[in-house]
There are 2 protein chains.
Amino acid sequence: MRLTDRQKLILTLIIHEHIQTAQPIGSKTLVQKYNLTLSSATVRNEMSVLTDYNLLRQPHTSAGRVPTEEGYRFFVGNLIHKSALPTTTRRTITHQFYQSRQDVEQWLKLAASVLANQSQAASLVTAPHAEKAIFKHLELIATRGRQVLMVLVLMGGEIRQQFITLPEPVAQERLSEIAAQFSNLCVRRDADGIARMRQHFDALGQDILEILLAEMTLIEESATGEIYLDGMTNVLSEPEFAESDEARQALHILEERSLLENLLASTMVNTDVGGIQVLIGGEGTWEELRQCSVILARYGDPKSLTGSVGVLGPIRMPYDRTISTVQFVANVLSDLVSETLAV
Amino acid sequence: MRLTDRQKLILTLIIHEHIQTAQPIGSKTLVQKYNLTLSSATVRNEMSVLTDYNLLRQPHTSAGRVPTEEGYRFFVGNLIHKSALPTTTRRTITHQFYQSRQDVEQWLKLAASVLANQSQAASLVTAPHAEKAIFKHLELIATRGRQVLMVLVLMGGEIRQQFITLPEPVAQERLSEIAAQFSNLCVRRDADGIARMRQHFDALGQDILEILLAEMTLIEESATGEIYLDGMTNVLSEPEFAESDEARQALHILEERSLLENLLASTMVNTDVGGIQVLIGGEGTWEELRQCSVILARYGDPKSLTGSVGVLGPIRMPYDRTISTVQFVANVLSDLVSETLAV
DNA sequence: TTTAGCACTCTCAGGTCGAGAGTGCTAAAT
DNA sequence: ATTTAGCACTCTCGACCTGAGAGTGCTAAA
């Protein structure tokens, strides 16, 4: 599909205008508003062509034109000029990160909050997660009776805590001893590697080893880390969701962890760190997202820890700005992660 | 305000019917539907009285009656018969808890999910939190360079992790030594107690001690632990929120952590473990919740760890069932917490 | 005290109507 | 070969009207 420059201009203007007003745009309005040196009739003809190409659509005969999903896709793919985020915005964001508590959880929450505010849409951020779980450190803390708190630290900084119940009460000194043994023998090993160390431990140690293995397998199997959401109410205030329950459906995806993981997994599979994915109107696969667009980026260290960050908003979304924002936040997170967490 | 039995019956029936239909209820409908041995005229007279008492309201002259907030309050305060939750439901819930992973975080998520499903409303659950932070265990794990991962365990099982930056790189053995020193000297002490141990530590130890103190103070100052939410989309599907943005406002409270903490703090202040608070229509204080009711209970061990659990739904809510559910989930959590976490 | 009867009120769904915005087509102008 | 003016046509949207239906309050009788 080859468009003339004028057609591209008109498509761009219509999208631009529609994003602001949420209304169908007519030929006359367009000419007036942008002082085009064209008559409305000419614009009408071009619009007609764009409609044939399925880039524009009329809600009904004799209303203005509205971009189709394909229109948006063409726009995002070919016409968008990747504007860098204004320096002031970038400074504001960076500032917030560097003055927050030095804590991964805080950073992720902050990233979600910043994205939600900047884009006025719902944001989602997943914790950095390694494909392979590599052991770093184990801690066992007696609580009472046979209950023991197990804290497992992986290379890269992922931490999991869990209460386990031992066959019989064990003194704290004994637990610390075993934990130290693990931390010495198993550091930098994966689940298989740890399994092979089995004979170095006594009965109690072996019990704990089994639990540890189960836990590490569990971590590896989960496709993504913890998921942080923010700004869901932003989406609700968009006019296109005023009275249908389309918004409810879209937000439902965010709430249902398993759906969300699917979405992330299938979208991120081809995306490298630094890359960005734009999913417009569900792309035929996600029925519930027919009215929504999702912009996702990957952050972290490609070889070890990666996570996703993105926003979900109405199709009618300021793509250039939002894409820049998502990308910028992903970069900031990448920096923070590689500074503090890298293996 | 003294009501006759018949007035109480009529009020109860109207509330009951309105909760199901979300419509104003007329005298004739009421008589038919519930086979009352009364004429509609009599019911009309009684309705008129209840309207004078400000327990009922007419959306407009010559529509049926709708309960007022006060009506709901009277109902919840005086007329409700606390029905125990059906045994099967209780078993289902208990079952889910006892077959989940033994992990506080899992339990809280599960509690939120169960409540949201059972009540078809939004649910909120806060992590158990002690008024006084009492030290139990410290762990220091070298990551790289001067970055150290600090894991702090409090009596009661609250865990906080944080990256700290030391003035210079320190070997893991040295860190473990210091951590062990803390765990020995400071166990069962509060922030003040730890501060008094300052002279027992060397320079590095004192640096860490300061960070530790700051962290403990921070924990104490935060009124509640982590907050888990679920089922926000349930609220959106209620007919009264179909086309206004009242729902958005209400859900906004759930998203804005600080607002939510206020709500919890001011509501829970008079509530003991085992007790329950019902906040109907914002009670004049919470403008955004004018259309909503919040039901909250406290769980945990009154002397050490407590948290809140509750739901937020439309005013038009099946109070008896929802209250039972919230109370039941609170009890289950109390049991779990006192079994595994108690000091 | 309760109830039958009745006049009255108000909403809601449906229908009609004109204004306004926008289109596509045609024929003239560039 | 494009571009543009002109015009007939289409469709929505809000305003307005209308009648059916539901519900009320009051009065007088049971």
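Gln7(B) has its CD atom 11 Å from the P atom of dT2(C), to the nearest Å. Here the C1' atom of nucleotide dA22(D) and the CD atom of Gln58(B) are 12 Å apart, to the nearest Å. If you measure from atom NE2 of His60(A) to atom C1' of dC13(D), you get 9 Å, rounded to the nearest angstrom. A straight line from CD of Glu46(B) to P of dT3(C) spans 11 Å, rounded to a whole angstrom. Following rounding to the nearest Å, Glu17(A) (CD) and dG22(C) (P) show an atom-to-atom distance of 11 Å. Rounding to whole angstrom units, CG of residue Asn45(A) and P of dT23(C) are separated by 11 Å. Rounded to whole Å, atom P of dT2(C) lies 16 Å from atom CE of Met47(B). Protein atom CG of Leu50(B) is 15 Å distant from nucleotide atom C1' of dT24(D), rounded to whole Å.
For dT10(D), its base sits under 3.5 Å from the side chain of Ser62(A) at one donor and acceptor pair at least.
Nucleotide dG18(C) is matched to dC13(D) when pairs are restricted to Watson-Crick or G-U wobble geometry with both distances under 3.5 angstrom. Summarising the base pairing, dA30(D) is matched to dT1(C) through a Watson-Crick or G-U wobble pair whose two defining distances lie under 3.5 Å. Using Watson-Crick or G-U wobble geometry with both donor-acceptor distances under 3.5 Å, dG25(D) finds its partner in dC6(C).
With 3.5 Å as the limit, one finds a donor-acceptor pair spanning the side chains of Thr233(A) and Glu255(B). Side-chain atoms of Thr89(B) and Thr92(B) form no donor-acceptor pair, as typed in the model, at a separation below 3.5 Å.
Taking only side-chain nitrogens and oxygens, Arg65(A) never comes nearer than 4.0 Å to OP1 or OP2 of dA21(C). The phosphate of dT4(D) has OP1 or OP2 within less than 4.0 Å of a side-chain N or O from Thr42(A). At the phosphate of dT24(D), neither OP1 nor OP2 sits under 4.0 Å from any side-chain N or O atom of Thr61(B). In this structure, Arg44(A) does not reach the dT4(D) phosphate: none of its side-chain N or O atoms is under 4.0 Å from OP1 or OP2.
Across the interface with DNA chain C, nearest-nucleotide mapping of Thr51(A) and Ala41(B) shows Ala41(B) to be the residue nearer the 5′ end.
With contacts defined as side-chain heavy-atom distances shorter than 4.5 Å, the pair Glu69(A)/Arg290(A) qualifies. Residues Ile10(B) and Val43(B) are in side-chain contact: their nearest non-hydrogen atoms beyond the backbone lie under 4.5 Å apart. Using a 4.5 Å heavy-atom threshold, the side chains of Gln249(A) and Glu287(A) count as separate.
Taking every heavy atom of residues 23-40 of chain A and every atom of DNA chain C, pairs under 4.0 Å involve Gly26(A), Ser27(A), Thr29(A), by number.
Applying the 6.0 Å contact sphere to NZ of Lys28(A) captures no more than 12 heavy atoms from other residues, nucleotides or ligands.
With hydrogens and angles disregarded, a donor-acceptor distance shorter than 3.5 Å links the side chain of Ser119(B) to the backbone of Leu115(B).
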